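In what follows, a structure is listed as structure tokens, so that the remarks can point back to it.
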Amino acid sequence: METESEPYVRLASLRQLHQVMADMNTARSLADTLQTVADGVVNALGYEMAGVNLVRPDGDLVVAAFSGNSAAEALITGRVGSRAAWDRRLGMGERWGDLVFIPHTEGWVLDDDDVPQWFTDGPAPRFEDEWHPSDRLFAPMYTPGAQGGSCGELLGVISVDRPRNGRLPGAWGREALQMYAFQAAIAISNARLRSNMQRALVRLEREQQALRASEESFRQAFEYAPSGMAIAEMGGEQHGRILRTNDALCRLLGRPASAMRRYAFSDLVHPEDIGTLLRTSAEGGRAELRLGRRDGSYVWVSLRNSVVADAADGPRFLLTHVEDIEERKRRELQLAHRASHDSLTGLPNSAELRSRLGARLCRRPAHALESLDAAYGHHPAFDGPTGHGFDFAPGAESYDGYDHHVHTVAPEGEQDDGTKGLAVLFCDLDGFKSINDRFGHNAGDAVLIEVARRLSQGVRDGDTVARLGGDEFVILADGLGRADAEDLAVRLRNEIIQPIRAEGRAVRVGASFGIGWAHCGMTADEVLKSADERMYVEKRSRPKQHRRAG
């Protein structure tokens with residue numbers, strides 16, 4: 001090569017350089033690109049050894065690739081030099097454009113720093129431009145796009161050792177190395193970008209696979225859940241509309257999935273439970289309510305809402321879990337019924353009777369409240385919980401403008417004055433004890449059951465027939481005048497004295513009725529005591545032979 005002309009040498013070198021650059025930009029990975037850069041310095045630019053020192057995220061430089069000497073490669077590849085030591089090297093010596101040349105006369109001060117180094121043995125230079133074994137030549141690589149090259153961010157440094165011709169590189173050699181470093185920086189940046197993109201694509205694919213797996217898990221959990229599941233819209237004009245249901249919910253309500261999508265839960269809920277549903281939908285959480293089946297019946301369910309939200313867009317939809325609690329509710333209602341009803345006759349018991357009666361009575365008489373209204377008028381500042389500063393019995397309606405309490409009044413005097421009130425008929429059976437004594441308690445129970453049936457059939461819908469205890473019954477009949485109450489007592493007595501079949505024989509009992517009147521200001525016990533006393537007055541006033549027939 002030394003005997004060939006200068007133009008031919010340059011052309012051959014340019015061809016090699018072009019090929020190396022093509023190899024750099026087609027390498028499949030960052031590691032391949034770095035090794036191609038190191039190999040190109042040796043193969044195309046004519047240096048015996050070359051290393052690529054790459055800047056790490058922490059700023060220090062690591063020997064990422066090496067070429068030309070396997071022993072040196074094994075010794076220093078992967079070793080790290082501090083950024084401070086490298087800055088010192090790049091700041092001394094001679095500047096050959098972007099290249100840094102540190103002659104052996106100055107480089108001895110760097111022998112003991114932490115930058116990985118390899119020294120080749122050789123004789124001392126015999127002439128001025130001969131390469132000395134301790135000379136150092138560095139080609140910094142800067143991020144692409146920086147004006148003037150050296151003004152950019154340092155990406156790495158190519159370190160070279162001993163040109164094959166043994167001489168210091170001339171102007172063309174220096175320019176070739178500088179150009180090569182510039183192209184290497186572009187190739188390394190592109191390789192990093194491709195590597196980052198590949199990692200991002202791999203990460204994205206993994207995330208998508210995880211998302212698909214999560215969606216499939218959700219779909220299976222949703223579709224095959226043993227209890228009902230639904231997804232409903234949130235917000236907008238279609239708020240609450242059902243978007244999707246599972247088979248369990250369709251079976252529970254007896255409706256196909258296609259039909260369910262025409263409804264919102266507000267269309268299916270029992271009218272009495274609409275407020276509960278609206279509160280649950282707005283706040284999330286759970287509630288117990290009734291949903292309508294296709295056949296027109298209702299089923300008790302436990303409904304639990306979860307608001308599924310997006311961090312950017314806010315709430316997106318409601319995920320609703322619907323559990324059938326019909327059997328539990330039935331048991332609860334049965335237990336509540338047993339607690340408030342007589343086990344033998346099925347009538348309301350004494351506690352339920354007092355509760356229903358007390359719910360109608362406020363604790364101050366109506367005429368006293370009317371006097372206060374006349375004296376002060378209805379003023380919010382005077383209102384207590386009742387609207388008049390007075391308390392009501394539990395269950396009573398309040399008297400203010402929001403929950404109006406209709407005061408219970410009673411007819412006055414012994415004549416029918418046209419006043420309608422709440423009549424309390426106290427009924428005591430005559431001759432019942434003798435039936436128990438003669439025929440046994442089973443016969444007595446049969447009599448009580450039949451009397452309860454006859455009393456229930458003899459009153460109006462909305463009236464209450466209760467068993468107070470033993471052979472005593474009480475009837476609450478609202479909206480009756482005095483004559484109406486007396487007629488009712490006669491009719492009921494005539495029903496009771498008819499023969500009753502008990503234990504294979506016909507028996508008869510009589511009945512004594514006392515009529516009391518409930519009005520505000522009385523307690524339930526006071527009302528019952530009044531009716532009881534009138535019953536005993538009526539019982540004593542009738543001849544013994546007339547108290548029962550047979």
Side-chain angles (χ1 to χ4, degrees), residues 336-337 339-342 347-376 378 382-414 416-428 455-456 459-469 472-486 488-489 492 513-538:
H337 186 271
S340 60
H341 287 71
D342 175 51
L347 297 177
N349 59 18
S350 174
E352 179 66 12
L353 171 68
R354 285 175 167 80
S355 175
R356 295 187 186 185
L357 183 55
R360 290 294 312 279
L361 305 174
C362 61
R363 295 178 183 172
R364 294 296 173 95
H367 63 80
L369 299 178
E370 292 165 359
S371 298
L372 287 171
D373 271 341
Y376 297 101
H378 184 65
F382 187 68
D383 288 351
T386 69
H388 284 275
F390 301 122
D391 292 333
F392 288 85
E397 300 173 84
S398 64
Y399 186 71
D400 60 20
Y402 299 98
D403 297 305
H404 182 62
H405 175 76
V406 179
H407 292 290
T408 301
V409 297
E412 297 182 2
E414 296 299 321
D416 194 342
D417 60 358
T419 302
K420 305 292 184 180
L422 175 59
V424 182
L425 282 67
F426 198 108
C427 172
D428 180 79
L455 288 174
S456 297
V459 299
R460 305 163 301 174
D461 292 340
D463 292 344
T464 295
V465 178
R467 183 185 177 197
L468 193 62
E472 296 177 334
F473 298 84
V474 173
I475 296 95
L476 304 182
D478 202 2
L480 299 185
R482 189 172 295 276
D484 298 327
E486 293 172 353
L488 176 60
L492 294 177
F513 281 85
I515 303 175
W517 295 94
H519 60 78
C520 288
M522 300 178 70
T523 65
D525 285 335
E526 289 172 345
V527 175
L528 294 175
K529 181 179 179 182
S530 171
D532 185 28
E533 290 173 349
R534 291 178 181 272
M535 183 274 296
Y536 276 106
V537 170
E538 195 269 347

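Treat the numbers as computed from the prediction; the structure is a model and nothing was measured.
A salt bridge links R356 and E352; the closest N-O separation between the charged side-chain nitrogens and carboxylate oxygens is under 4.0 Å. By the 4.0 Å N-to-carboxylate-O rule, D478 lies too far from K420 to be salt-bridged with it.
The backbone N or O of E526 sits nowhere less than 3.5 Å from a side-chain atom of S530 that would complete a donor-acceptor pair. One N or O on the side chain of N349 and one on the backbone of A339 form a donor-acceptor pair closer than 3.5 Å.
Scanning all heavy atoms of the two residues, the minimum distance from F513 to L492 falls at CZ-CB, 3.7 Å. Taking every heavy atom of both residues into account, W517 and G481 meet most closely at CH2-O, 3.5 Å. The shortest non-hydrogen separation linking L488 to A477 is CD2-CB, 4.1 Å. Shown here for A524 and L361, the closest heavy-atom pair between the two residues is N-CD1, 4.3 Å.
Atom-to-atom distance recorded for L422:CG and H519:NE2 is 11.0 Å, nearest 0.5 angstrom. The distance from the CG atom of L480 to the CD atom of E486 is 11.0 Å, given to the nearest 0.5 Å.
With sequence neighbours excluded, no residue forms a side-chain hydrogen bond (donor to acceptor under 3.5 Å, both in side chains) with E472. Looking at residues two or more places apart in sequence or on another chain, you find no salt bridge (charged side-chain N to carboxylate O under 4.0 Å, His left out) involving D532. For the side-chain hydrogen bond (donor to acceptor under 3.5 Å, both in side chains) test, residues two or more places apart in sequence or in another chain that qualify with D463 are R460.
Exactly one residue among I475, L353, L476, T464 makes a side-chain contact (heavy atoms from CB on, under 4.5 Å) with V424. That residue is L476. Here the rule is side-chain contact (heavy atoms from CB on, under 4.5 Å) with V527, and of R354, M522, R360 only M522 fits it.
Between D428 and F473, every side-chain heavy-atom pair lies at or beyond the 4.5 Å cut-off. Contact annotation: the side chain of S456 approaches that of L347 to within less than 4.5 Å [non-hydrogen atoms, C-beta and beyond].
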Inset, instruction - Output, in order, the C-alpha distance, side-chain angles, deciding distance and verdict of side-chain contact (heavy atoms from CB on, under 4.5 Å) for V474 and L425. - result: CA-CA 6 Å; V474 173; L425 282 67; over 6 Å; no
